[in-house]
Amino acid sequence: MKKLSIAEAFEQLLKEPLPLRFTAYDGSASGPEDAPFKFHLNNERGLAYLLTSLDADLALVRPYVTGDLTLEGVHPGDPYEALVTLHKGLKFRRPTPAELVILLRSMGLSHLKPPPPPAQEAPSRMRRIFEGFRHSMGRDAEAIHHHYDVSNTFYEMVLGPSMTYTCAVYPTDDATLEEAQFNKYDLVARKLDLQPGQRLLDVGCGWGGMVRHAAKEYGVKTLGVTLSREQATWAQEAIKEQGLDHLAEVRHLDYRLVEEGDFDAVSSIGLTEHVGVRNYPAYFGFIRDKLRPHGRLLNHCITRHDNKMRHTGRFIDRYIFPDGELIGSGRIITEAQDAGLEVQHEENFRVHYAKTLAGWGHNLERNWDAAVAEVGEQTARVWGLYMAGSRLGFERNEIQLHHVLATKTDDDGVSGYPLRHEF
């Protein structure tokens with residue numbers, strides 16, 4: 001029985017000819033020599049990752065993150081162009097039993113022992129059960145800590161001066177990322193019809209971008225809450241430095257524990273993805289109860305392109321957003337309506353998020369050495385891969401970003417909403 005080289009074994013797992021060059025530490029190679037991108041498998045641990053990871057995404061992600069599988073021809077801070085090629089042409093198939101026997105004999109049984117996953121990988125969904133029920137306060141706090149408490153300095157390098165980790169809204173195609181983030185916050189403020197002296201609750205406030213914008217630009221008294229201690233600390237320092245502490249406050253607090261009420265408006269920018277679809281009734285009910293009559297909600301969140309429930313991919317679930325869930329804008333609107341809110345306007349910013357991610361990827365590439373020094377190369381690789389992959393998802397309409405604007409209309413049908421909006 002002929003023993004296969006690593007490159008030959010890799011080829012046998014593909015549905016179509018390889019769209020890039022593949023080389024391995026045993027000296028074997030496959031794929032076109034003039035391909036613009038090249039995978040190189042550096043060592044036996046990388047081979048073990050490829051053979052033992054049951055999910056195709058994790059099989060490539062694990063050795064890529066650890067550096068056991070390198071991707072040449074593209075910068076690790078922004079590997080978008082390579083992902084476009086891989087998305088079009090890298091498709092795996094299940095080997096037949098006979099092929100599997102040949103593959104295992106060729107690669108060696110010693111490579112069937114799974115190596116420990118990279119430190120950046122969260123436990124599986126099954127193991128996370130022992131950390132508490134999904135979307136309990138404790139488990140949500142751990143999930144948020146996994147993603148958002150990486151390093152404020154690192155986020156400054158990636159996000160830029162606005163420290164805004166949500167979709168920007170580009171007023172023109174050539175606007176800068178900073179201009180687009182300012183425009184996003186101002187659009188939210190206009191949709192909420194913020195006026196001096198009003199009170200705004202911003203749930204899942206991140207580093208306080210909306211909190212500071214509402215206070216500084218509109219004279220609104222604003223409370224922001226976040227489950228990330230690092231975010232809250234940074235936000236409070238920024239509020240004080242900008243002289244806004246008489247109007248603005250950010251607390252390290254689960255939104256469900258906010259005691260104040262009778263707010264003129266509630267903004268939720270990037271929180272709904274973490275709530276859990278089954279918890280939407282309680283989530284929108286909470287917001288309804290925090291609003292005064294005729295008050296407004298602006299819900300900004302990533303959605304699916306349809307309303308079918310499906311699991312988040314393994315890479316996103318294990319490396320980026322543990323317990324994150326997405327559904328279509330139709331479900332968002334339905335749940336808001338069923339909670340007693342009147343939906344007044346809906347808008348899709350899918351293309352804007354692709355542009356936002358391109359900006360973040362450019363920032364990471366430009367600040368790569370400093371970012372690696374701050375968080376380590378493995379974490380930096382995760383972020384480059386995640387942002388490039390997400391950009392591709394938005395461009396291909398696999399995911400979207402929607403604004404849903406709603407009012408707390410009273411029992412007499414009075415909403416406080418004008419005949420036509422002017423934002």
Side-chain angles (χ1 to χ4, degrees), residues 77-81 83-84 87 147-148 155 157-191 202-207 209-210 213 267-275 277 298-307 310 312-313 315-317 319-321 324-333 345-365 382-405 423:
D78 189 10
Y80 167 77
E81 296 296 340
L83 293 191
V84 172
H87 192 277
H147 189 70
Y148 292 99
Y155 277 110
M157 297 176 195
V158 174
L159 304 180
S162 75
M163 279 296 273
T164 299
Y165 185 34
T166 49
C167 175
V169 176
Y170 286 77
T172 60
D173 192 56
D174 60 351
T176 67
L177 176 61
E178 289 306 304
E179 290 169 340
Q181 291 293 14
F182 181 94
N183 186 57
K184 182 267 299 295
Y185 285 133
D186 210 62
L187 178 61
V188 171
R190 297 196 307 272
K191 286 183 173 182
D202 187 36
V203 293
C205 68
W207 289 270
M210 184 65 206
H213 188 94
S267 53
S268 177
I269 305 175
L271 173 64
T272 318
E273 299 92 329
H274 302 288
V275 168
V277 176
L298 190 286
N299 198 85
H300 162 131
C301 72
I302 301 171
T303 71
R304 298 281 185 198
H305 68 282
D306 58 31
N307 293 282
R310 59 176 70 85
T312 303
F315 170 59
I316 294 295
D317 182 66
Y319 284 86
I320 309 301
F321 294 118
E325 290 182 77
L326 301 180
I327 194 64
S329 58
R331 181 70 177 270
I332 300 287
I333 290 173
H345 186 266
E346 192 276 341
E347 192 170 0
N348 182 6
F349 291 98
R350 174 179 66 84
V351 176
H352 293 258
Y353 216 155
K355 287 176 66 65
T356 304
L357 285 155
W360 292 340
H362 174 74
N363 285 346
L364 179 56
E365 180 176 349
V382 167
W383 277 83
L385 185 62
Y386 149 61
M387 292 190 295
S390 296
R391 175 184 171 185
L392 187 60
F394 281 105
E395 287 180 347
R396 292 179 55 83
N397 194 30
E398 294 168 357
I399 43 179
Q400 302 176 347
L401 189 289
H402 285 261
H403 277 193
V404 173
L405 177 64
F423 47 79

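What you see below is based on every heavy atom in this structure, not just the backbone, and it leaves out hydrogens, waters and symmetry mates.
Taking the six-membered ring wherever Trp is involved, the centroid distance between the rings of His352 and Phe394 does not fall below 6.0 Å. Aromatic ring centres of Tyr165 and Tyr155 lie closer together than 6.0 Å.
Separation of atoms NE2 (His362) and CG (Leu357) is listed at 14.5 Å; rounding is to 0.5 Å. In this structure, OG1 in Thr272 is found 12.0 Å from CD in Glu325, a value given to the nearest 0.5 Å. How far CD of Glu398 is from CG of Leu392: 6.5 Å, rounded to the nearest 0.5 Å. Going from atom NE2 of His87 over to atom OH of Tyr80 covers 10.5 Å, rounded to the nearest 0.5 Å. Between atom OG of residue Ser390 and atom CH2 of residue Trp383 there is a gap of 9.5 Å, rounded to the nearest 0.5 Å. Put simply, OG on Ser329 and CD1 on Ile302 are 13.5 Å apart, with the number rounded to the nearest 0.5 Å.
Residues Lys184 and Thr166 have side chains in contact (heavy-atom distance under 4.5 Å, counting atoms from C-beta outward). Looking at heavy atoms from C-beta onward, Asn348 lies in side-chain contact with His402 at the 4.5 angstrom threshold. Contact of the Asn183 side chain with the Tyr170 side chain is not registered, since no non-hydrogen atoms from C-beta on lie closer than 4.5 Å. By the 4.5 Å heavy-atom criterion applied to side chains, Tyr386 and Phe321 are counted as neighbours. Side-chain contact check for Leu326 versus Glu273: some heavy-atom pair is nearer than 4.5 Å. Contact of the Leu83 side chain with the Leu385 side chain is registered, since non-hydrogen atoms from C-beta on lie closer than 4.5 Å. The shortest side-chain heavy-atom distance between Thr164 and Met210 does not fall under the 4.5 Å cut-off. Looking only at side-chain heavy atoms (C-beta outward), Leu405 and Leu298 come within less than 4.5 Å of each other.
At distances below 3.5 Å, not a single donor-acceptor pair connects side-chain atoms of Asp78 with backbone N or O atoms of Glu365. Between the Gln400 side chain and the Asp306 main chain, no donor and acceptor come within less than 3.5 Å of each other.
Of the options His300, Glu347, His345, a side chain to side chain donor-acceptor pair (under 3.5 Å) to His403 is made by His300 and by none of the others.
Across every non-hydrogen atom of Ser268 and Leu271, the tightest pair is OG-CB, 3.6 Å. Glu178 approaches Pro161 most closely through the heavy-atom pair OE2-CD, 3.3 Å.
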### Task
Walk me through it: do Met387 and Val158 pass the test side-chain contact (heavy atoms from CB on, under 4.5 Å)?
CA-CA 10 Å; Met387 292 190 295; Val158 174; 3.8 Å; yes

### Query
Does the side-chain contact (heavy atoms from CB on, under 4.5 Å) test come out yes or no for Asn363 and Leu177, once each step is laid out?
CA-CA 10 Å; Asn363 285 346; Leu177 176 61; 3.8 Å; yes

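Evaluation of the salt bridge (Lys or Arg N to Asp or Glu O under 4.0 Å) rule for Arg331 yields Glu335 as partners, not counting sequence neighbours. Glu395 is linked by a salt bridge (Lys or Arg N to Asp or Glu O under 4.0 Å) to Arg391, counting only residues two or more places apart in sequence or in another chain.
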